[in-house]
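Take a look at the structure set out below.
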Amino acid sequence: MRKRRVHLASALVVLASTLLAGCGIRSTEVPTDFGAAPTRVGCSLSGTDKVEAQAGGEFPVQVYLVCTSQLVTVDRTITLERGQSSDRVVVARELLAQLGSTPSAAEKTAGYTTDVRSGLKVSGPRDSDPADALRLSAPPDDLSPYALAQIICTFANSEVTAEDDDHVILGGPDTSPPRDYTCTESLKARPGLIPAPTKTVN
């Protein structure tokens, strides 16, 4: 009688597993890696505009915010005076201000957040830096992984960079040499887990 109960229980387990598989429900497994990137439920405010040289006024830009633990672009506008659209440091300051501002009501509803604090500043290169370097008021390593990833990808996706190659050179307020950071697809997908790829620039 006991053996019959064991066989019956085993049969029920097999039947339940088959039914679950047929319904598209997978049994829970112990993860062995990071797995697939999370889905973007909501996160529907992205666009394609970038800053373009114009006379003074409002300019369309994109910044990267955090949504479902990923970096996703949202459309914003910045106001520049005549001639400032070609000044990469001024544009970088405006983009950083956008990253540090509280997301709008619509962005919050869609699930967007930002990890960049509002007091963070950016300035141009020092004499010993590459001409396209930017210096933050805090060491990049002191920022949260999400904040650093937001800044890297926002700057790399804008006219702040000299070339459209997903790179940006960033340093901190100290004398340490700046580093070349790359905005990769992996970084966008998992900014909290994957370190920003860097190399020191002399």
Side-chain angles (χ1 to χ4, degrees), residues 45-66 71-103 107 112 114-185 187-188 191 195-202:
L45 299 177
S46 61
T48 57
D49 291 330
K50 296 172 71 174
V51 173
E52 297 179 357
Q54 300 177 11
E58 291 189 341
F59 294 79
V61 296
Q62 285 186 321
V63 298
Y64 278 89
L65 299 185
V66 180
L71 296 188
V72 185
T73 54
V74 299
D75 296 328
R76 297 279 181 85
T77 58
I78 60 175
T79 302
L80 301 173
E81 300 297 330
R82 183 181 299 274
Q84 287 185 331
S85 61
S86 60
D87 188 327
R88 50 188 301 274
V89 176
V90 172
V91 174
R93 287 172 181 161
E94 292 296 325
L95 291 173
L96 190 59
Q98 290 292 326
L99 288 174
S101 63
T102 302
E107 290 167 349
Y112 289 90
T114 183
D115 228 40
V116 179
R117 66 176 187 267
S118 59
L120 191 63
K121 306 296 182 183
V122 63
S123 58
R126 295 180 176 176
D127 292 339
S128 58
D129 292 343
D132 55 348
L134 295 168
R135 289 275 180 174
L136 299 174
S137 59
D141 289 344
D142 287 356
L143 304 177
S144 73
Y146 283 101
L148 181 57
Q150 284 182 257
I151 294 170
I152 291 170
C153 289
T154 296
F155 285 176
N157 190 49
S158 73
E159 301 302 325
V160 166
T161 55
E163 298 179 3
D164 187 15
D165 58 1
D166 297 327
H167 288 258
V168 62
I169 300 176
L170 295 175
D174 55 20
T175 57
S176 299
R179 295 177 181 176
D180 187 343
Y181 293 84
T182 305
C183 177
T184 64
E185 293 302 318
L187 182 63
K188 295 177 188 178
T198 65
K199 61 181 180 180
T200 301
V201 179
N202 294 320

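In this text the structure is predicted, and so the values were computed from the model without any measurement.
In this structure, the side chains of Val72 and Leu65 stay at 4.5 Å or more apart for every pair of heavy atoms. Side-chain contact between Thr77 and Val61 is absent, with no heavy-atom pair separated by less than 4.5 Å. The closest side-chain heavy-atom distance from Thr114 to Val66 is not below 4.5 Å. Annotation: side chain of Pro145 is not in contact with side chain of Pro195 (no heavy-atom distance under 4.5 Å).
A distance of 5.0 Å separates CZ of Phe59 from CG of Leu80, quoted to the nearest 0.5 Å. The line from CG of Leu187 to OH of Tyr146 is 10.5 Å long, rounded to the nearest 0.5 Å. The distance from the CD atom of Glu185 to the SG atom of Cys153 is 8.5 Å, given to the nearest 0.5 Å.
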Residue pair Leu134, Arg88: steps toward the side chain to side chain contact (heavy atoms under 4.5 Å, CB included) verdict: CA-CA 9 Å; Leu134 295 168; Arg88 50 188 301 274; 3.8 Å; yes
Going through the checks in order, is the side chain to side chain contact (heavy atoms under 4.5 Å, CB included) test met by Leu143 and Arg117? CA-CA 9 Å; Leu143 304 177; Arg117 66 176 187 267; 3.9 Å; yes
Determine, stepwise, if the pair Asp166 / Thr182 fulfils side-chain hydrogen bond (donor to acceptor under 3.5 Å, both in side chains). CA-CA 6 Å; Asp166 297 327; Thr182 305; over 6 Å; no
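Judged purely by atom type and a 3.5 angstrom limit, Glu94 has no side-chain atom pairing as donor or acceptor with the backbone of Val91. Under a 3.5 Å cut-off, the side chain of Thr73 and the backbone N or O of Tyr64 do not form any donor-acceptor pair. Remark: side-chain polar atoms of Arg76 are paired, donor with acceptor, to backbone N or O of Gln98 under 3.5 angstrom.
Taking Asp180 as the reference, His167, Ile169, Lys199, Val201 meet the side-chain contact (heavy atoms from CB on, under 4.5 Å) condition, with sequence neighbours excluded.
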Distance-only check: which donor-acceptor pairs under 3.5 Å involve side-chain atoms of residues 118-126, not counting sequence neighbours?
{"residue": "Ser123", "atom": "OG", "partner": "Arg135", "partner atom": "O", "Å": "3.4"}
{"residue": "Arg126", "atom": "NH1", "partner": "Asp174", "partner atom": "O", "Å": "2.6"}
{"residue": "Arg126", "atom": "NH2", "partner": "Pro173", "partner atom": "O", "Å": "2.4"}
{"residue": "Arg126", "atom": "NH2", "partner": "Asp174", "partner atom": "O", "Å": "3.2"}

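The pair Arg179-Asp141 meets the salt-bridge criterion, with a side-chain N (NZ, NE, NH1 or NH2) lying under 4.0 Å from an Asp/Glu carboxylate O.
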